[in-house]
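Only heavy atoms go into these numbers, but all of them, side chains included; no hydrogens, no water, no symmetry mates.
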Amino acid sequence: MSSAAKVLKPRIYVACLAAYNNGWLHGSWIDVEVDADVVRDQVRAMLAASPAAGAEEYAIHDYEGFGAVAPGEYAGLDWVVEIAGFLRERGELGGLVLEHVGGDLEAAKTALDEQYRGQFASLADCFQELTEETVTIPEALRLYIDWEAMGHDAVLGGEVFTIETAFDEVHVFWSR
């Protein structure tokens, strides 16, 4: 299994702030499923079991399975569930793309659905394949083509972006 295919199972550790402020550690790990109401019910159950009277406020103190995306301490549960669904569906590569686009979920979906060129051993391999698919290269010129420079120039020109997930595992996306 390539590292980009790694399945993510998002979950959050939600802590009771009333207990925390009184010196007690009280909270629970919650698997972030597809329904925010289920997550809210689990948070309410954790608060109801708090050793602190009148517990109403919570914070996300830890998380797992969110890849490169970090839910903040006070992230909204609807957002957390939406991101978790995306990450369960798209895996680690989805998380890295989401991080690359600054957390913009729609931009990440567009990149993965419409701009993804594929996985290659290097960016040079991508440009060699693309060129060979679109033009016939005379044998006399083949050795003079600098595939690495083509890829480098495309990145500098903003035409592509890459996500490297392992040695010899580069995912290439068109930027335009």
Side-chain angles (χ1 to χ4, degrees), residues 1-14 30-40 60 62-139 141-176:
M1 172 187 291
S2 77
S3 64
K6 180 180 172 186
V7 175
L8 299 177
K9 297 178 183 175
R11 64 188 203 138
I12 53 177
Y13 181 80
V14 179
I30 298 172
D31 292 329
V32 182
E33 299 298 329
V34 293
D35 188 350
D37 290 333
V38 171
V39 175
R40 273 190 271 286
I60 299 170
D62 203 358
Y63 57 90
E64 293 178 348
F66 279 84
V69 179
E73 193 171 24
Y74 299 106
L77 294 179
D78 289 325
W79 179 86
V80 170
V81 169
E82 184 176 18
I83 295 299
F86 174 80
L87 295 173
R88 269 194 311 281
E89 179 185 327
R90 302 301 185 120
E92 184 179 34
L93 180 59
L96 292 168
V97 171
L98 187 60
E99 178 187 39
H100 178 82
V101 298
D104 183 336
L105 191 56
E106 290 309 311
K109 288 177 182 178
T110 298
L112 289 161
D113 293 341
E114 300 171 19
Q115 299 170 311
Y116 186 57
R117 171 71 180 148
Q119 176 187 327
F120 300 88
S122 69
L123 185 57
D125 288 351
C126 172
F127 275 86
Q128 180 175 357
E129 181 180 295
L130 175 65
T131 303
E132 290 173 347
E133 286 175 357
T134 57
V135 298
T136 302
I137 302 167
E139 283 304 313
L141 298 178
R142 186 170 294 281
L143 294 176
Y144 294 98
I145 299 172
D146 188 343
W147 305 114
E148 287 182 29
M150 286 176 71
H152 179 75
D153 288 351
V155 169
L156 288 178
E159 296 168 32
V160 299
F161 72 89
T162 61
I163 304 287
E164 190 169 336
T165 52
F167 178 74
D168 284 345
E169 192 173 291
V170 177
H171 299 267
V172 179
F173 299 83
W174 298 118
S175 297
R176 310 172 201 195

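- From Thr110, atom OG1 reaches atom CZ of Phe173 across 12.0 Å, with rounding to the nearest 0.5 Å.
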For residues 127-135, run the donor-acceptor check on the side chains, cut-off 3.5 Å, and write out each pair with its distance to 0.1 Å, sequence neighbours left out.
| unit_1 | atom_1 | unit_2 | atom_2 | d |
| --- | --- | --- | --- | --- |
| Gln128 | NE2 | Glu132 | OE2 | 3.1 |
| Thr131 | OG1 | Phe127 | O | 2.7 |
| Glu132 | OE2 | Arg142 | NH1 | 2.5 |
| Glu133 | OE1 | Arg117 | NH2 | 3.1 |
| Thr134 | OG1 | Leu130 | O | 3.0 |
| Thr134 | OG1 | Thr131 | O | 3.2 |

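- The two residues Pro71 and Val80 have their closest heavy-atom pair at CB-CG2, 4.2 Å.
- By the 4.5 Å heavy-atom criterion applied to side chains, Val39 and Val14 are not counted as neighbours.
- Under the rule for a side-chain hydrogen bond (donor to acceptor under 3.5 Å, both in side chains), Glu106 has no partner lying at least two apart in sequence or in another chain.
- With sequence neighbours excluded, no residue forms a salt bridge (charged side-chain N to carboxylate O under 4.0 Å, His left out) with Glu164.
- Sorted by first then second residue, the side-chain hydrogen bond (donor to acceptor under 3.5 Å, both in side chains) pairs that include residues 146-156, not counting sequence neighbours, number zero.
- A distance of 5.5 Å separates CD1 in Ile163 from NE2 in His100, rounded to the nearest 0.5 Å.
- Although no hydrogens or angles enter the test, the distance criterion places a donor-acceptor pair under 3.5 Å between the side chain of Ser175 and the main chain of Gly158.
- The shortest distance between side-chain heavy atoms of Ile12 and Leu77 falls below 4.5 Å.
- When the salt bridge (charged side-chain N to carboxylate O under 4.0 Å, His left out) test is applied to Glu64, the partners found at least two apart in sequence or on another chain are Arg11.
- The side-chain contact (heavy atoms from CB on, under 4.5 Å) check on Ala107 picks up Val101, Asp104, with sequence neighbours excluded.
- Tyr116 pairs by the side-chain hydrogen bond (donor to acceptor under 3.5 Å, both in side chains) definition with His171, not counting sequence neighbours.
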Checking Leu96 against Glu92 for the side chain to side chain contact (heavy atoms under 4.5 Å, CB included) test, could you report, in this order, the C-alpha distance in whole Å, the side-chain angles of both residues, the deciding distance, and whether it holds?
CA-CA 6 Å; Leu96 292 168; Glu92 184 179 34; 4.2 Å; yes
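- In this structure, CG on Leu98 lies 10.0 Å from NZ on Lys109, to the nearest 0.5 angstrom.
- To the nearest 0.5 Å, atoms CZ (Phe120) and CG (Asp168) are separated by 13.5 Å.
- Listed by chain and residue number, nothing satisfies the ring-ring contact (aromatic ring centres under 6.0 Å, His included) test with Phe66 (two or more places apart in sequence, or in another chain).
- Listed by chain and residue number, nothing satisfies the side-chain contact (heavy atoms from CB on, under 4.5 Å) test with Phe167 (two or more places apart in sequence, or in another chain).
- Considering every non-hydrogen atom in both Phe86 and Ala108, the closest pair reads CZ-CB, 3.8 Å.
- Residues Asp31 and Lys9 are not in side-chain contact: their nearest non-hydrogen atoms beyond the backbone lie 4.5 Å or more apart.
- Applying the salt bridge (charged side-chain N to carboxylate O under 4.0 Å, His left out) test to pairs two or more places apart or on separate chains, those with a residue in residues 66-83 are Arg40-Asp78.
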Output, in order, the C-alpha distance, side-chain angles, deciding distance and verdict of side chain to side chain contact (heavy atoms under 4.5 Å, CB included) for Leu112 and Leu93.
CA-CA 9 Å; Leu112 289 161; Leu93 180 59; 4.2 Å; yes
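- Asp35 and Asp37 make their closest contact through OD1-N, 2.9 Å (heavy atoms, listed as atom of the first residue, atom of the second, distance).
- Not a single salt bridge (charged side-chain N to carboxylate O under 4.0 Å, His left out) links Glu114 to another residue, sequence neighbours left out.
- For Arg88, there are no salt bridge (charged side-chain N to carboxylate O under 4.0 Å, His left out) partners two or more places apart in sequence or in a different chain.
- Scanning both residues, Gly65 and Pro10, for their nearest heavy atoms gives O-CG, 3.4 Å.
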